[in-house]
Asks: 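Below: one structure in structure tokens.
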Number of protein chains: 2
Amino acid sequence: MTRRQNRSRAERGIPEATVARLPVYLRALHSLQDRGIATVSSEELAAAAGVNSAKLRKDLSHLGSYGTRGVGYEVEYLIYQISRELGLTQDWVVAIIGVGNLGRALAGYGGFASRGFRMASLLDADPRLVGERIAGIDVEHIDRLETVIAEHGVSIAVIATPAVAAQEVCDRVVASGVTSVLNFAPIVLSVPDGVDVRKVDLSIELQILAFHEQRKAGGPMGEQVEREYVEAVEL
Amino acid sequence: MTRRQNRSRAERGIPEATVARLPVYLRALHSLQDRGIATVSSEELAAAAGVNSAKLRKDLSHLGSYGTRGVGYEVEYLIYQISRELGLTQDWVVAIIGVGNLGRALAGYGGFASRGFRMASLLDADPRLVGERIAGIDVEHIDRLETVIAEHGVSIAVIATPAVAAQEVCDRVVASGVTSVLNFAPIVLSVPDGVDVRKVDLSIELQILAFHEQRKAGGPMGEQVEREYVEAVEL
DNA sequence: TACTGTGAAAGAATTCACAGCA
DNA sequence: TGCTGTGAATTCTTTCACAGTA
């Protein structure tokens, strides 16, 4: 794995913050491409992605030198390079566990099937849902989890179950060799080293918004609130 | 707004990274409370929240000194203090725009109605959905957006529409005075200063997972891939 | 004694500002 | 000339390690 070549690039060390923004750039680039734009400056692309141009250039510099001074970036080429860096030039097989409203929303999500991700399986514990066809896939019973993961070569598991079931499901997918988990259940999953978990959590996002909203309005009150606590506790 | 009192606390300056973790601590604390635990050490709480204890203590120190040396934190009191800091001791009125599977999932989300958030309205552009009752609320037509925001005093708008509609919906809610937006549409919203937007994006999360998954497997290949690009472009 | 709270050190991420190149 | 790519400066975040205290 040390076969290197001419291209000078920071050896396998893209900052996490940069990785998190690459998908945003990619989306902006696709949108430019759809509008027939072939070349874009860092200033324009940054605006489309909602960041400042210095940050964008620094981020892209971690991938290599894919721009042209005095001109900008070629949209198609940059799409390819970012896709490659993110691993989207290969297909990742995804299984969704939990087919409530959220699971359905995820299954039906378009951008999913399109670039780099193949939804292979939908699983649920509720026997009444088994056999139902959603987004072209038959829902299977959770009992088949291990079999399905092995047969399809699932590498990313999306957990969209109720909170109480999430840890057990997680343990099972991890035991089956899955090392990437996207968790929608409102619970902190514990996993062994080497397994990546990302969490998407509506209520956390709302709470962060509430914090800022409150701040705009003047912040939490002082001693008055201290009194309210005493009352609240004594109810 | 400069009436201060004894409690020494960094004057209105809680780091953003800390704010983003407070909801996680809060959830962990509620879970401890449900299990009848009255007191917790930074070590235990940190484990439950999936962070290390130094970080937890530093985070909490930004709110004030709510622990007891040699003992730990009183669960109930800490819940109250964090809730207050996040602005959850008051109710925030939320409207969801877009009632597809995702909107339904959000509407049905339990933790929502419970702590600090009141779902006041569901809106959709599709006349066939108008009048349908979801989670106890009648879906209204998007034409009524401005009226609904004013009447209910909506302060947080959740955008769960298709991407093409999202910016227009966003413009309208902002024009109606909403300054906090939670966006589920896969698009960068542009808003004036003073408006907070948070984004939840499935495909970005998947892409970040794919990056790490690829890394585990050995990273993007070198010159071989460079050739593949040429072929891909020439299709 | 067993914990919290916090300065100080280390590490990451962002921004500045400009050299260098097409 | 007009842009990218990047060192250097700055700011933010995490971690260390221990003084202080119930």
Asks: Is there a side-chain contact between A:Leu45 and A:Leu32 (heavy atoms, below 4.5 Å)?
Replies: yes
Asks: On the nucleotide C:dT6, are OP1 or OP2 found under 4.0 Å from the side-chain N or O atoms that B:Lys58 carries?
Replies: no
Asks: Nearest whole Å is fine: how far is C:dT6 P from B:Leu60 CG?
Replies: 11 Å
Asks: Are the side chain of B:Trp92 and the backbone N or O of B:Gly87 linked by a donor-acceptor pair below 3.5 Å?
Replies: yes
Asks: Quickly work out the A:Tyr25 OH to D:dT4 P distance and round it to whole Å.
Replies: 13 Å
Asks: Tell me: CZ of A:Arg57 to C1' of C:dG20, nearest whole Å?
Replies: 13 Å
Asks: May I ask you to evaluate whether A:Asn52 reaches the phosphate of C:dT14, defined as a side-chain N or O under 4.0 Å from OP1 or OP2?
Replies: no
Asks: Cut-off 3.5 Å, side chains only: do B:Glu213 and A:Ser155 have a donor facing an acceptor?
Replies: no
Asks: Within the distance-only criterion (no hydrogens, no angle test), does the side chain of A:Ser31 pair as donor or acceptor with the backbone N or O of A:Arg27 below 3.5 angstrom?
Replies: no
Asks: Strictly below 4.0 Å: does B:Arg21 bring a side-chain N or O up to OP1 or OP2 of D:dT14?
Replies: yes
Asks: Starting from C1' on D:dA22, measure out to CD on B:Glu74 and report it in whole angstrom.
Replies: 15 Å
Asks: To the nearest angstrom, how far is A:Glu16 atom CD from D:dC12 atom C1'?
Replies: 17 Å
Asks: Rounding to an integer number of Å, can you tell me how far B:Leu45 CG sits from C:dC3 P?
Replies: 14 Å
Asks: For C:dG5, take OP1 and OP2 only and decide whether either is under 4.0 Å from a side-chain N or O of B:Tyr73.
Replies: yes
Asks: Find the distance A:Lys55:NZ to D:dC12:C1' and express it as a whole number of Å.
Replies: 12 Å
Asks: Does B:Arg69 make a side-chain donor-acceptor contact with the base of C:dT4, cut-off 3.5 Å?
Replies: yes
Asks: Whether A:Tyr66 contacts D:dC3 is assessed here as follows: a side-chain N or O lying under 4.0 Å from the phosphate OP1 or OP2. Is that the case?
Replies: no
Asks: To the nearest angstrom, how far is B:Leu56 atom CG from C:dT6 atom P?
Replies: 14 Å
Asks: Any side-chain N or O of A:Thr68 under 4.0 Å from OP1/OP2 of D:dT4?
Replies: no
Asks: What nucleotide among D:dT6, D:dC3, C:dG5 has an atom nearest to a side-chain atom of A:Ser41?
Replies: D:dC3
Asks: Can a side-chain donor-acceptor contact be found between A:Tyr80 and A:Glu76 if the only test is distance below 3.5 angstrom?
Replies: no
Asks: On DNA chain C, compare the nucleotides closest to A:Val71 and A:Asp59; which residue's is nearer the 5' end?
Replies: A:Asp59
